[in-house]
Amino acid sequence: MLALIIIVRYVFLDRDGVLNRKMPEGVYVSDWAQFEWLPGAVEAVARMKQAGLTVIVVSNQRGIALGRLTAMQLERIHDKMQTHLARNEARLDAIFYCPHDRDECHCRKPDTGLFEQAFKEFPQASPENSVVIGDSLSDIVAGQRLGMKTIFIQGEKDRQKEGADTAAARADAVAESLLQAVEKHLALKGS
């Protein structure tokens, strides 16, 4: 089977399960001590940045609505992510997150509000020059609703959300990790 090569300028990443190890269902990363980078994730972000791509995180953070963490705690985690990435010659260009519970908003994936916010902040971005990389059906569906290419990250079987098999079948491509997605499916300059 040939690898699907996607040529893009903007990469939209889910966070939990793509950049960091996903907590068990119903548990949320609420402190930096709980945040564990997935193998190769930092290198993948660095490689995308070296290739001139804009890397944007779009993440549902329902734990805020449930009172499991505050927006301030989440911002501290994201600041520490950026600091760690900077030490490794990488960075995220923006982080958009939905703090709401289900059915409370238009930004929670699989709705497209987070992407629409990003398109406003990055007016050169469009569905045609972007890709979504995520580990859940909601990530894949959100990307498809906008007409974007999608890559499903299989990750750890015991941490997959319901619908993982459907997400893998619907996505344009499937990878085991973010690094594999970058190596196998993104056409990067110098790769």
Side-chain angles (χ1 to χ4, degrees), residues 1-25 27-29 31-61 74 77-97 109 114 118 129-140 142-143 148-161 163-165 167-191:
M1 182 165 112
L2 292 174
L4 172 69
I5 304 297
I6 302 170
I7 301 171
V8 296
R9 291 183 48 214
Y10 296 86
V11 179
F12 289 83
L13 303 175
D14 182 43
R15 193 192 83 178
D16 302 321
V18 175
L19 291 173
N20 61 287
R21 189 162 194 253
K22 184 184 288 196
M23 300 292 274
E25 194 61 34
V27 179
Y28 301 88
V29 174
D31 186 84
W32 181 247
Q34 298 171 305
F35 189 96
E36 181 184 342
W37 289 101
L38 286 170
V42 172
E43 179 186 347
V45 174
R47 288 173 70 176
M48 288 186 284
K49 292 309 302 168
Q50 289 163 3
L53 300 180
T54 300
V55 182
I56 300 166
V57 167
V58 286
S59 179
N60 289 345
Q61 292 295 324
L74 182 64
I77 291 166
H78 290 167
D79 288 345
K80 290 185 184 267
M81 283 172 51
Q82 291 284 45
T83 299
H84 181 85
L85 286 166
R87 281 192 223 116
N88 291 277
E89 299 180 26
R91 72 180 164 81
L92 301 169
D93 293 283
I95 301 173
F96 296 92
Y97 66 89
K109 295 177 290 181
L114 292 176
N129 65 10
S130 302
V131 65
V132 179
I133 302 177
D135 72 321
S136 71
L137 183 58
S138 65
D139 299 317
I140 303 306
M148 299 167 78
K149 294 292 185 193
T150 58
I151 301 174
F152 178 70
I153 302 296
Q154 289 181 315
E156 300 172 302
K157 289 282 186 197
D158 64 330
R159 300 287 169 102
Q160 287 181 338
K161 285 187 175 181
D165 291 338
R170 288 183 65 167
D172 294 301
V174 176
E176 289 294 319
S177 67
L178 179 59
L179 184 58
Q180 186 185 68
V182 167
E183 291 175 342
K184 196 172 162 186
H185 301 299
L186 297 186
L188 301 183
K189 293 177 245 166
S191 289

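Quick caveat: nothing in here was measured; it's all calculated off a predicted structure. Values below: every heavy atom of this structure, side chains too, minus hydrogens, waters and symmetry copies.
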In Å and rounded to the nearest 0.5 Å, what is the [atom1] to [atom2] distance from [X] to [Y]?
| X | Y | atom1 | atom2 | value |
| --- | --- | --- | --- | --- |
| Ser177 | Glu183 | OG | CD | 7.5 Å |
| Arg87 | His84 | CZ | NE2 | 7.0 Å |
| Asn129 | Tyr10 | CG | OH | 6.0 Å |
| Met81 | Ile77 | CE | CD1 | 9.0 Å |
| Tyr97 | His78 | OH | NE2 | 8.0 Å |
| Leu114 | Ile56 | CG | CD1 | 11.0 Å |

Student check: side-chain heavy atoms of [X] and [Y] closer than 4.5 Å:
| X | Y | answer |
| --- | --- | --- |
| Trp37 | Leu85 | yes |
| Gln154 | Val174 | yes |
| Val8 | Met148 | no |
| Thr150 | Arg170 | no |
| Ile153 | Asp14 | no |
| Phe35 | Lys80 | no |
| His185 | Lys149 | no |
| Val18 | Val57 | no |

Closest heavy-atom contact between [X] and [Y]?
| X | Y | value |
| --- | --- | --- |
| Val45 | Arg91 | CG1-O, 3.5 Å |
| Val55 | Lys49 | CG2-CD, 3.8 Å |
| Gln180 | Ala175 | OE1-CA, 3.2 Å |

Q) Between Met48 and Val182, does a side-chain contact (heavy atoms from CB on, under 4.5 Å) hold up when you go through it step by step? A) CA-CA 8 Å; Met48 288 186 284; Val182 167; 3.8 Å; yes

I'd like to know if the side chain of [X] reaches the main chain of [Y], judged simply by a donor and an acceptor atom lying under 3.5 Å from each other, with no hydrogens or angles considered.
| X | Y | answer |
| --- | --- | --- |
| Asn60 | Lys109 | yes |
| Asn88 | Ala90 | no |
| Asp172 | Ile151 | no |
| Gln82 | Leu92 | yes |

Q.
So, applying side-chain contact (heavy atoms from CB on, under 4.5 Å) with Arg15, which one of Val58, Ile95, Val29 is it?
A.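 Exactly one pass, corresponding to Val29.
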
(Q) Tell me whether the count of non-hydrogen atoms from other residues, nucleotides or ligands lying under 6.0 Å of CD in Glu89 goes above 12. (A)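 Result for CD/Glu89: open.
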
Q: Could you walk me through whether Leu178 and Leu38 pass side-chain contact (heavy atoms from CB on, under 4.5 Å), step by step?
A: CA-CA 9 Å; Leu178 179 59; Leu38 286 170; over 6 Å; no

Q) Does the side-chain contact (heavy atoms from CB on, under 4.5 Å) test come out yes or no for Asp16 and Gln61, once each step is laid out? A) CA-CA 9 Å; Asp16 302 321; Gln61 292 295 324; 3.4 Å; yes

Q. Can you name the side chain to side chain donor-acceptor pair (under 3.5 Å) partners of Ser136, sequence neighbours left out?
A.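 Side chain to side chain donor-acceptor pair (under 3.5 Å) list for Ser136, sorted by chain: Ser138, Asp139.
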
